[in-house]
Amino acid sequence: MTAYKDSISKFGLFIWMIKCQIGIALLSLPSVIQRSADGDSWISVLIAGCIIQLLLLVYWKLYTRFPHLILSEMTVKLFGRIAGKAVNVLSAILYVTIAGYASTLYIRLIKTWLLPLTPAPVILTLILATVVYLAMQSVRAIERFLVITSMLFIVIILFSLMAFTHEVDLSRIMPVGTAGAANIWTGSEKTFLSMLGFEVILYLFARVTSRKSNLLPTISAANLFVTLFYTYFVLLCLIGFSPKALELVREPVLFLFKGISLQLLDRLDLIFLSIWIFAMTTVFVGYLYMAGSSLSGGPKSYKRTVGIGGAVIFGIGYGLNSVERIELITVWIEKVYLGYIIGLPSFMLLVSLLFKKRLAEGTT
Amino acid sequence: MRRFGQMLAAGLLLILMTGCWDIDRLVNKTIVNGVGVDAAEDGGMRGTISTIKLLNKGGGQFEAQDVVVEATGGSISELASRLNNVMPGKIEGSKTHIIIFGEQMAKKGVMAPLEYFYRNPKTNLNSSFLISEGQASAILNSTKMDTGSPIAFNILQLIEGSKQATISPHQTLFSLWQTSQEEVSDSVIPIINLQADGELAVENVGLMNGDRYSGVKLSAEQSMVLMLMMNRLEKAAVLNVGTESISRPLTFVARKQNNDMSVSIDKASRKVECKLNVRLSGEITSFPITKEGKADPEALKIEVESWLEKQAEDVVAKLRQANSDALGIGRKVKQSDFAFWKETDWKSIYRDVKISVKFDVRTTSTGALY
Amino acid sequence: MKHEQSLELGKRLEDLQARFSGTEDLCVRVFRLRAKECALVYLETMTSPELVQAFAVKPASEASSSSLDDLFGPLHADRTADLARVDKALLEGSCAILEDGSDTVYLIQAVVAQARSIEEAKGEQVTRGPHDGFIEPISANIRLIRNRIRSPKLKVRYLTLGKLTQTKVAMLYLDEVAAPYIVDACERRLSGIELNSLYSTGEIEEIVDENPLSPFPQTLQTERPDRTVSYLMEGKVAILVDGYPSALILPITFFSFYQSPDDYNNRWVIGTFNRVVRMISFVLAISLPAIYIAIVSFHSEVLPMGILYSVKVAITYVPFPPIMEAITMQVILELLKEAAIRLHSSVAQTIGIVGGLVIGTAIVEAHLVSHTMIVIIGLTAISSFVTPLSEFGTSLRILGFSTIIAAAMFGFFGLSIMLMFIFIHLCKLEIMGVPYFSPFDPFRASSGPRDAFFRLPRFGFAEKWNMGHRRRGAQDDRL
């Protein structure tokens, strides 16, 4: 059915989803949620994880109705050729835009902590060159790379244990529940945005070859991992910082490491950030892969699309970087994108259920 | 298509080769290892930095010589620029061990000037923070210390030593920042002073009231008792009890500690009462044996406890005088009754909090003699 | 070339000598057998006189009554009428007997057996294990392998490559273990080669190479028969070239470069320990100078106080930027290495002294390079020499240059990006469909890390031939 090169394993799906979700936003997440949810920010994260789980159920159900198809093929099947292709083009534009937005965050992070004077286009070029190089490879090769670099998560978790050398004060999260449900919900909204990336599975379900074909446990396990990972780091920041201090710091996770000094190394935040670069870059690979798959037919056009997509991300990233008040634009980008990833699959599922349109087993 | 790819690659290479913008060579840096800030007469500040000059003695040996420079300015950032002009190379604060604030400067508030260190990603948040009795520049300029190591390093050793002796806590910029942002407790800062014979000593602590130094200083014994009350016993706390009566000076070394703080809140009268129970266990290391016979553990225990409680009374009085919640009673109140905490201005009712301290001493051994 | 040839002996001999360009080591002996004129032709440099005497001259002279046909029946000699084959046989050391009036030529093997005795390859030594190595003649090498795999499944396929050199090339594999598509791909590539000359497996490697731009070698050359045998057992193909004492193994994975027979000849704890040390050496060889340059040029805050001052003092008087120091030292190192190879072994010791003491110490005293840089480069060099196969070590040193440049331009960020590039490249590299980073391929996750990263004890291994075969069957759709 699918050639070896174009297939991934279930474990590959798991890793892929994790690596596309955990990215830039984690570093600044605790202080962002702190403003609303105070000591109960960690509950916000858990709630966001539950919402994502519901969304994953929708995605999975959609896939069961159109097995062996990726999202861009599903739209064509469901809405007809012209409307379907239009939706695909729109999707690709959205992916590339959100990747451009993410790249501005990335650049700002690097410029603050690592390379203040290097011009943004140069940093952007370096990042995108790597991303395009990876995204152009076969799915299997990308999976191999993601599996290897996922071992870095273990290193990162070990690193985080060092944060306990500071004075941690558990009373900062007690008593539980003082923030109030409304605030916790606001916090969840913000967390949801930083846990984006799971939509890549809509393009990967069809590529998984395995004996057991039920993929729901795999994606649920991935969601669980990401949620717990985020909760862990948010908790770490909550107990390591006093509440007012937490609100002031842009990237509390890095700030936490800044204060630690070991025998052999100081400035652990630099080392943490250098390792985190791997995690941040793979997020872009997911978006570029989705954009490429949406627009292209076969492998040759896929490579070309990925290349062009990289250039477009560069343009958008550079453009957004030069704009002074990007908050106005980015709020809109976020809203539209959220609407898209929740709305489109749900709408498709609804249409397919109502009009009883489904793919009969065995046909492609 | 291939040509385009080649041109793109060539273009990329050109861009990348044009410059390495962020190079910050180690050879060109002047590493500041101690900073002192004093209040200047005109309302600004006077800053002192100490760096070291390394003289290569050949064969990998080098000798470190202190270089101390001063400048005046309106803010730390301005001081940094002025000092940068004076020093060769670019000054860099990433390895600053100690930051000393003069008394007067600290009384004006520490967080505002220190903000420079927090905002800059390159600084060292692990720097120790001290308040000096008198001028900080005098401290950094004192040369009586062992000239083999730089002065900043020596001061750091002093701080470590006093932390180990349970006299003062080791305050770093990071811990200072945490406590000064919250209202649940106040910081306690070690005080360094230049003694008459030119030696430096760290044997007192100063109490902070929020952001400012209250001016209230605890004596050496009081400092140690405060540390014990704050549950900060390090390896050992040497309590020299009853040295006024030279005939039977008693020394008790506390090794293990177990504290218990409880608060009771009376909402009606808005009064808070705090009971602190400090349990110490340790050994008697010095008690001369006279005609009156050998040490009676029970009697000695009572002597130690009463001495400690008397010191604790003085400490509490000083805490009240400084309006400094060093014990963290506010945290306890927040934990036990969050609603009360939210609606109260802790600082205003702190003075009326009744703090009663009880010590419970257990002697585990009296050494080789009875 | 079949033209209308005269069957007359004299004419044929003339033609033969013309084809051989009148070379003077071609011996022609004309004799009479049963009233017919016959000629014994051989290259005296290729044949051994005793064998010619025993197998050709003696029978011909003793039994003068029987015909050539009976004397040199199929058991004794090959027969052919093909002139090209006759020439080839003469060049290989056979002697030919021509008969006047008949176009059949009898070819008798009489090649001189002269070869180096079998000794261990100097470049691939092990502390414990067999100490024999390949030598030049191809049949001796195949014999070394057949001695270790006494199974009829070991298959040898001969090819002749190189128009002028007519070198004999052998392809060996285990019939039911090697995947068919790998064998076919190898054969296709080998037979597609059109060269004038072929001397070494290195040339085959270049031609068979799918990714010439990659810094990583995709085939492995080894002089050890035991190593070759272990790869054959895994289903790989070995190519031998006559006259070259190495076997070319393909397709190869990254981790094969870090395996040594030592690991298997010792207990598993020692084997695993050695493997881990080699993995550390890989990381060090690529990134150590780059990390140092990034720290000294960009992020000196990472070093704690004590080390910082030592490093600062060390580099204070050096006028060059660290990247120039690093590149200079690497180049000097390569020069020393090359010189040590060329020199006679007794003189090579001097190079050690010259390189180490004179250049190393003096260059620091002259403040041209700093102490710490010497330490770093020394460690890097040693790490790159740890790889059991030196070709890979050289690749690592070359890659080291790229990370040095990346780190010198962008610090830690540049280093991370460069490492990502390298790993992406490793992940995407596939030789004949077998991924270069094989054990990380999740399909084969169960067998991979066991033997690649660590050398886990044998009772944990599933020694299942058929298992390996079936799993490889999953890739059959690549055909």
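In the text below, chain A, chain B and the rest are named by the order of the sequence lines, each starting its count at 1.
Between atom OG1 of residue C/T316 and atom CG of residue B/L26 there is a gap of 8.0 Å, rounded to the nearest 0.5 Å. Here the NE2 atom belonging to C/H299 is positioned 12.0 Å from the OG atom belonging to B/S94, to the nearest 0.5 angstrom. Rounding to the nearest 0.5 Å gives a distance of 4.5 Å between NZ of B/K122 and CD of C/E301.
Atom CZ of C/F254 sits in a crowded spot, with more than 12 heavy atoms from other residues, nucleotides or ligands closer than 6.0 Å. Within 6.0 Å of CD in C/E187 there are more than 12 heavy atoms belonging to other residues, nucleotides or ligands.
Contacts of C/L303 with chain B are made by backbone atoms alone, with heavy-atom separations under 4.5 Å and no side-chain atom involved. Residue C/A314: no heavy atom, backbone or side chain, is found under 4.5 Å from chain B.
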* Mind running side-chain contact (heavy atoms from CB on, under 4.5 Å) on C/K312 and B/I31 for me, showing each step along the way? => CA-CA 10 Å; C/K312 189 160 195 294; B/I31 301 176; 4.0 Å; yes
Yes or no on side-chain contact (heavy atoms from CB on, under 4.5 Å) for C/S300 and B/R25, after CA distance, side-chain angles and deciding distance? CA-CA 8 Å; C/S300 57; B/R25 294 238 171 80; over 6 Å; no
_I'd like to know whether B/N33 forms a side-chain contact (heavy atoms from CB on, under 4.5 Å) with C/Y309, so could you lay out the CA-CA distance, the side-chain angles of the two residues, the decisive distance to 0.1 Å, and finally the verdict._
CA-CA 12 Å; B/N33 53 22; C/Y309 281 119; 3.6 Å; yes
- Task: Output, in order, the C-alpha distance, side-chain angles, deciding distance and verdict of side-chain contact (heavy atoms from CB on, under 4.5 Å) for B/V27 and C/V318.
- Result: CA-CA 9 Å; B/V27 271; C/V318 177; over 6 Å; no
